[in-house]
Structure formats: C-alpha cells, structure tokens
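The structure presented is a predicted model; accordingly, all values stated were derived computationally and were not measured. In this chain, residues are counted from 1 in sequence order.
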Amino acid sequence: MGTLLEPTTPAGRAGLAALLAEPRRALLAFDFDGTLAPIVADPEQAFAHPGAAGVLARLSGRVGTVAVVTGRPALAAVRLGGFAAAPGLDHLVVLGHYGAERWDSTTGQLTAPASHPGVAAVRAELPALLASLGVPEGTVVEDKERSLAVHTRRTADPDAVLDRLRAPLADLAAAHGLAVEPGRMVIELRPPGVDKGAALTELVRERGAGAVLYAGDDLGDLAAFDAVDRLRAAGLPGLLVASGPVTGEPPVREVAERADLVVPGPGGVVELLDQLGEELAPTR
C-alpha cells in the first residue's frame with residue numbers, strides 16, 4: 001500500500017519535515033465530524049472511526065499535543081470518540097463549540113463559559129419558523145446546547161431545502177446576536193466571536209508548538225486553515241489535511257483546494273496517522 005504522507009505543496013512538505021524532526025514540539029489537531037468520524041444521517045450516531053482513538057493514543061505518546069477542535073459540545077465528541085476510555089490517550093485536549101469549551105483528558109474536567117442568551121431565544125423560536133416555512137420531512141434540528149444546527153441531509157432534496165433556509169435562518173440569527181455557520185447540508189446558528197482558527201492559534205501559543213498539523217473537511221474548518229496559513233507566514237511550519245468524503249459526494253472544494261494533501265475520509269485520516277506514527281523518530 002502506498003503512503004498517504006505525500007504533501008503536494010512546498011509549505012506542506014516543510015510542515016511534515018518539521019513535525020518529523022521534532023515531534024515533541026508538534027501539535028496535531030483534528031476536526032471531529034467528517035474527519036475522525038463519518039458523516040451520518042443522525043448526528044448522535046456519528047461515532048468515531050474504530051481506529052481513531054487508538055491511533056491518537058499512539059501518537060499522544062510521541063508528539064507534544066493531540067487535540068480535537070469541533071463545533072460539537074466537547075463532551076459529545078469525547079463520548080462519540082471513545083476518548084475517555086482509550087488506553088494511553090493521556091494528553092488529549094478537546095476544544096468544543098469552536099473553542100468555547102475545553103476538556104482535558106489529564107483531568108477529565110470540562111471548562112466552559114455561560115451560554116449566550118441568543119441560543120435560548122432561537123431554541124424557542126426555531127420550531128415555529130420551520131413550520132411557517134413548510135420545510136419537508138427529514139429536516140432535523142440538532143440542539144448542541146450552545147448552538148443549534150438545522151440539517152437537511154435526510155430530505156429528498158437537501159441542497160434545495162438548504163437554499164430555502166439560508167435567508168430566514170440568517171435573519172433569525174441576526175435578531176438574537178448569533179452567527180451563521182454553513183456546512184455540508186447543515187446551517188448552524190452559534191455565538192459570534194469564537195471559531196476554530198482562534199481556538200487553534202491559542203492552543204499553539206499555549207503549548208509553544210514548533211509545528212502544527214490540522215485536518216478538517218468542511219467550511220467551518222477554513223478558519224483553522226486560515227490560522228495555519230498565518231502561522232506559516234510567521235515562520236511556524238504547518239501541514240493542512242483535507243478529509244474527503246467516501247459516500248460519492250465530492251470533497252468540499254474550498255477545503256480540498258487549500259489542503260497540502262487530501263485523504264479519503266476518516267479511514268484515510270486514520271491510515272495517514274498510522275503512517276505518520278511509523279515515520280516518527282523513536283522517543284528518547
């Protein structure tokens with residue numbers, strides 16, 4: 001089997017080289033849905049790829065920091081990832097709600113601010129809005145506690161339904177001081193001022209990372225891609241990985257075009273990390 005560790009850009013190759021040269025200074029960060037876990041119709045059934053927790057545990061003993069940066073609640077990602085029970089996964093940081101929440105495996109503790117009041121207002125008004133729009137069967141609201149996401153994947157024409165919802169949901173979000181986060185067959189209404197890029201940048205600075213890898217698959221990950229680009233411009237080597245779907249859907253174009261390498265979904269991410277572990281210098 002050929003290697004997936006073949007960045008197609010000079011910046012990506014430099015990022016990989018720096019990571020391999022000094023793994024103890026490296027920070028590896030991953031989106032959850034679509035990257036470590038497959039995209040499925042029911043978000044509550046989006047369990048991580050069977051090999052994900054194990055490969056992250058193996059890497060956590062070899063690199064400086066392993067992190068998950070997700071729009072989900074941090075504890076939901078921990079549960080669906082099986083991270084709390086994974087042997088050897090002792091130094092994982094999970095940044096949930098785009099960085100508003102933090103869970104550390106070393107303590108098992110969650111830290112989080114108070115919820116934005118606009119979320120409660122949207123939670124109360126959203127059912128009536130969707131009913132007034134006559135959205136079709138299969139439109140699903142996912143309550144993420146600190147945000148709400150409207151999924152259209154289960155409808156007969158997901159893209160058409162999503163287009164119908166864009167303007168009304170944007171108006172509802174604006175009325176309550178929330179931001180809109182578009183994604184693959186989903187629109188999320190969430191508090192402003194937090195994104196994956198800010199969360200990743202802060203963690204890089206906190207850990208004094210000498211190289212960074214970020215893997216993602218959707219539009220919400222572009223903020224983290226932007227952050228890695230800024231860090232690279234400032235002299236910190238970085239590697240950007242796109243997780244492409246394995247369901248026949250095309251990869252998210254904006255993500256694939258920005259990446260240094262593209263792998264086939266969560267299985268490809270796990271395989272990539274297995275190969276990375278084989279290449280890492282032995283721990284001394």
Side-chain angles (χ1 to χ4, degrees), residues 2-23 25-37 39 49 52 55-56 59 63-71 93-95 98-99 181-184 195-205 207 209-246 249-277 279-280:
T3 181
L4 296 176
L5 278 172
E6 295 181 347
T8 59
T9 66
R13 289 190 286 271
L16 176 61
L19 194 161
L20 293 174
E22 292 189 275
R25 297 192 63 216
L27 186 154
L28 311 184
F30 308 90
D31 167 50
F32 188 77
D33 291 276
T35 302
L36 295 178
I39 299 291
H49 183 280
V55 74
L56 293 180
L59 286 170
V63 303
T65 303
V66 175
V68 173
V69 187
T70 176
V93 176
V94 178
L95 302 178
Y98 303 90
E181 186 75 53
R184 288 159 57 188
D195 62 43
K196 292 184 179 183
L200 180 63
T201 300
E202 178 59 29
L203 190 60
V204 166
R205 291 173 177 164
R207 297 303 173 97
V212 59
L213 177 153
Y214 184 83
D217 76 305
D218 207 348
L219 297 176
D221 296 304
L222 292 178
F225 276 38
D226 290 341
V228 173
D229 280 342
R230 288 192 294 269
L231 291 166
R232 294 200 288 203
L236 183 78
L239 176 63
L240 290 170
V241 178
S243 171
V246 292
E249 300 172 21
V252 175
R253 177 179 54 81
E254 296 91 335
V255 177
E257 289 178 350
R258 294 278 301 278
D260 302 306
L261 59 87
V262 180
V263 297
V269 172
V270 169
E271 183 180 344
L272 176 76
L273 297 181
D274 269 328
Q275 293 176 3
L276 180 61
E279 294 292 327
L280 289 176

Just wondering, do [Y] and [X] contact through their side chains at under 4.5 Å, heavy atoms?
X	Y	result
L276	L28	yes
V263	E271	no
D221	Y214	yes
V68	T35	no

Which heavy atom of [X] sits nearest a heavy atom of [Y], and at what distance?
X	Y	value
D33	D31	O-OD2, 2.7 Å
F225	G216	CE1-N, 4.3 Å
R184	P245	NH2-CB, 3.4 Å
A242	A256	CB-CA, 4.1 Å

Notebook entry, point to check: Got a salt bridge between R13 and D260, using NZ or NE/NH1/NH2 to carboxylate O under 4.0 Å?
Noted result: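 No.
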Checklist entry - Which one of V63, L200, V93, V66 satisfies the side-chain contact (heavy atoms from CB on, under 4.5 Å) criterion with L27? => result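 The single option meeting the side-chain contact (heavy atoms from CB on, under 4.5 Å) with L27 is L200.
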Would you give the length of the straight line joining atom [atom1] of [X] to atom [atom2] of [Y], rounded to the nearest 0.5 angstrom?
X	Y	atom1	atom2	result
L16	E279	CG	CD	8.0 Å
L273	L36	CG	CG	8.0 Å
L213	L240	CG	CG	8.0 Å

Inset, instruction - Mind checking side chain to side chain contact (heavy atoms under 4.5 Å, CB included) for A14 and listing every partner two or more places apart, or none if nothing turns up? - result: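 If we apply the side chain to side chain contact (heavy atoms under 4.5 Å, CB included) test to A14, skipping adjacent residues, there are no hits.
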